[in-house]
Amino acid sequence: MYDFYIYNTLARRKEKLRPLAPPRVGMYVCGPTVYDFAHIGNFRTFLFSDLLRRSLLLCGYEVNEVMNLTDVDDKTIDRAEAEGEPLRSYTDKYIESFFADIDSLRIQRAEHYPRATDHIAEIIEFIRKLEDKGLAYTSADSVYYRIDGFKDYGKLSRLDRDGIRDGARIDSDSYEKEHVRDFVLWKGGRQEKISWPSPWGPGRPGWHIECSAMSMKYLGESFDIHCGGIDLAFPHHENEIAQSEGATGKPFVRYWIHAEHLLVESRKMSKSLGNQYTLRDMLDKGCRRSTLRYVLLSTHYRSKLNFTFDALHAAASAVERLRDFQRRLEGYTPPPGATGAPRRDLVAAFRSQLADDLAISPALGELFEYVREVNRLMDGTSLSGAARTKALDDLRAVDSVLDVLRPDEGDSPDEELAGWVEAKIEQRAAARKSRDFAAADRIRDELVGRGVVLEDTPGGTRWKLQ
Ligand code: AMP
Ligand code: ZN
């Protein structure tokens with residue numbers, strides 16, 4: 001296990017990660033509300049948690065990740081009703097598309113994806129515990145959290161406590177910091193269209209309680225990491241702390257980690273501006289999945305990500321440069337006696353940047369410096385066989401985090417061609433080595449037949465399409 005530092009919103013500083021039960025790290029990510037297709041802003045946040053997960057793995061930790069699926073709230077209920085569909089089948093569709101999207105962006109699957117509506121019993125139990133502690137009260141068929149009863153309320157978002165003692169209540173799941181209210185735990189009353197029986201009558205859970213109940217069920221009363229977009233710090237995460245620590249009297253989460261938002265061409269994404277792109281929208285524009293993955297990963301998570309089409313082009317060529325480099329290494333035959341090796345230790349440098357609060361830009365800087373250095377060694381045919389093998393291994397280790405080297409779905413015919421060409425080049429080199437020039441020429445003709453021309457350079461044989 002390598003030391004790992006991360007910015008903790010609770011402490012307002014970078015801290016060394018000290019998991020409760022190393023090397024295992026318990027990590028909870030606030031997942032999607034499944035009423036529509038997720039947009040690239042959502043994916044920025046989910047790719048940040050993917051980067052965190054994969055960086056922890058690269059640093060030798062084990063990750064137990066839970067991501068909830070919010071399948072009951074005002075939006076899901078209203079949309080399902082507007083479509084005339086039962087809530088469950090309506091949200092099923094969007095859960096399915098969410099999984100398809102994260103798979104295609106190569107976001108590693110979490111260990112658990114609990115759905116709120118599958119945990120109604122746990123949620124009711126949790127609210128009863130809060131009642132027992134005097135932290136929940138009933139009013140007009142609904143149950144509310146009494147924030148005045150929890151002395152630490154506001155510690156995550158550093159609220160001025162004087163401004164929050166007004167005892168006013170709020171039924172909606174989200175609200176402004178300026179109007180802090182007792183928030184709803186259980187929404188009851190006949191106005192609810194979707195309901196479950198409960199000790200307080202039929203109703204449904206509030207949004208905040210779902211994350212407290214499900215994170216504690218899968219990760220325990222105290223766990224290591226909780227993350228999400230910056231907009232969730234208040235009120236959602238503040239309320240989760242109040243619920244969880246109020247119920248158990250124990251510290252809930254050790255490290256709160258928040259990702260900044262994504263902007264499109266410097267503007268907030270919104271339906272009315274027509275810039276709220278889903279993954280499908282981007283694919284329809286001809287964007288490759290690996291390009292999107294790269295562009296969403298390559299800005300530091302605590303900076304706003306300004307998504308532009310220029311940045312997409314730059315990302316596409318960065319991915320191409322890495323794939324070219326891998327192909328060139330694979331096709332490189334070290335001459336006998338070559339002893340050259342890069343001075344840089346790619347994996348150590350890349351890992352230590354990521355272990356410093358996910359410093360992705362310097363990590364990528366190290367990678368491209370390394371590519372330049374090894375390319376120079378191949379240009380001069382001085383890269384040794386052992387160094388070539390290590391370079392391929394190291395590139396794979398780095399790609400266990402980036403995951404952009406595998407061909408994209410739409411790429412497969414090209415990739416197939418590339419594989420075939422590389423194999424033919426190898427056969428031709430072997431034929432020439434054994435001085436079977438007729439065979440070597442036949443292979444060259446075969447390649448020309450598929451539109452491939454060869455160029456023999458001191459660095460080995462390169463190829464391109466005519
Ligand atoms: P939602 O489906 O609205 O519950 O959001 C799922 C996740 O996406 C949450 O962690 C949000 O904070 C995050 N999110 C929403 N909008 C954006 C945005 N524009 N940029 C980055 N993350 C966002
Ligand atoms: Zn949550």
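Order of appearance sets the numbers: ligands from 1, and atoms from 1 within every ligand.
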Under 4.0 Å, heavy-atom basis, I'd like to know which part of [X] is in contact with ligand 1: side chain, backbone, both or neither.
X      : answer
Asp231 : side chain
Met269 : side chain
Leu232 : side chain

Criterion side-chain contact (heavy atoms from CB on, under 4.5 Å) against Leu262, the qualifying member of Leu296, Asn42, Thr45: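 Output: one option passes, namely Leu296.
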Distance under 6.0 Å and angle within 45° of the ring axis: does [X] meet both against [Y]?
X      : Y      : answer
Arg280 : Phe37  : yes
Arg13  : Tyr7   : no
Arg24  : Tyr61  : no
Arg321 : Phe368 : yes

Trp256 vs Glu238, side chain to side chain donor-acceptor pair (under 3.5 Å): CA-CA, chis, key distance, verdict: CA-CA 11 Å; Trp256 287 93; Glu238 195 70 62; over 6 Å; no
Mind checking whether [X] has an N or O less than 3.5 Å away from an N or O of ligand 1?
X      : value
Lys75  : no
Glu260 : no
Leu262 : yes
Thr45  : yes
Gly41  : yes

So which protein heavy atom does [atom] come closest to, and at what separation?
atom                    : answer
atom 5 (O) of ligand 1  : Asn42 ND2, 3.4 Å
atom 10 (O) of ligand 1 : Gly229 N, 3.0 Å
atom 17 (C) of ligand 1 : His261 NE2, 3.4 Å

Any N, O or S atom of His236 closer than 2.8 Å to the Zn ion (ligand 2):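 For His236, the answer is yes, given that an N, O or S atom comes within less than 2.8 Å of the Zn ion (ligand 2).
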N, O or S atom of His237 closer to the Zn ion (ligand 2) than 2.8 Å: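 Checking His237: none of its N, O or S atoms is under 2.8 Å.
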Nearest-option assignment for atom 1 (P) of ligand 1, heavy atoms, candidates Asp73, Ile230, Asp36, Thr33: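 Minimum heavy-atom distance to atom 1 (P) of ligand 1 goes to Thr33.
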Element-labelled atoms of ligand 1 that are located less than 4.0 Å from some non-hydrogen atom of Pro32: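 In order of numbering, the contacting atoms are 2 (O).
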Interfacing atoms of ligand 1 (cut-off 4.0 Å, heavy-atom, Phe46):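 Within the 4.0 Å cut-off of Phe46, ligand 1 contributes 6 (C), 7 (C).
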Aromatic centroids of Phe223 and Phe252 separated by under 6.0 Å: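 Yes: the rings meet the under 6.0 Å criterion.
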Pair His226 + Tyr255: ring centers closer than 6.0 Å: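 That pair fails the under 6.0 Å test.
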Under 3.5 Å side-chain donor-acceptor pair for Arg88 and Thr117: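 Arg88 vs Thr117: donor-acceptor pair found between side chains.
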Close approach, His39 and ligand 1, non-hydrogen under 4.0 angstrom: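 For ligand 1, residue contact (heavy atoms, under 4.0 Å) with His39 is present.
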Geometry at the Zn ion (ligand 2) - Cys30 SG versus Cys211 SG angle, rounded to 10 degrees: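 With the Zn ion (ligand 2) as the vertex, the angle is close to 130°.
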Backbone N/O of Ser49 and side chain of Arg54: donor-acceptor pair under 3.5 Å: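 No; zero donor-acceptor contacts below 3.5 Å.
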Heavy-atom pair of closest approach, residues Arg323 and Ser290: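 It is NH2-OG, 3.4 Å.
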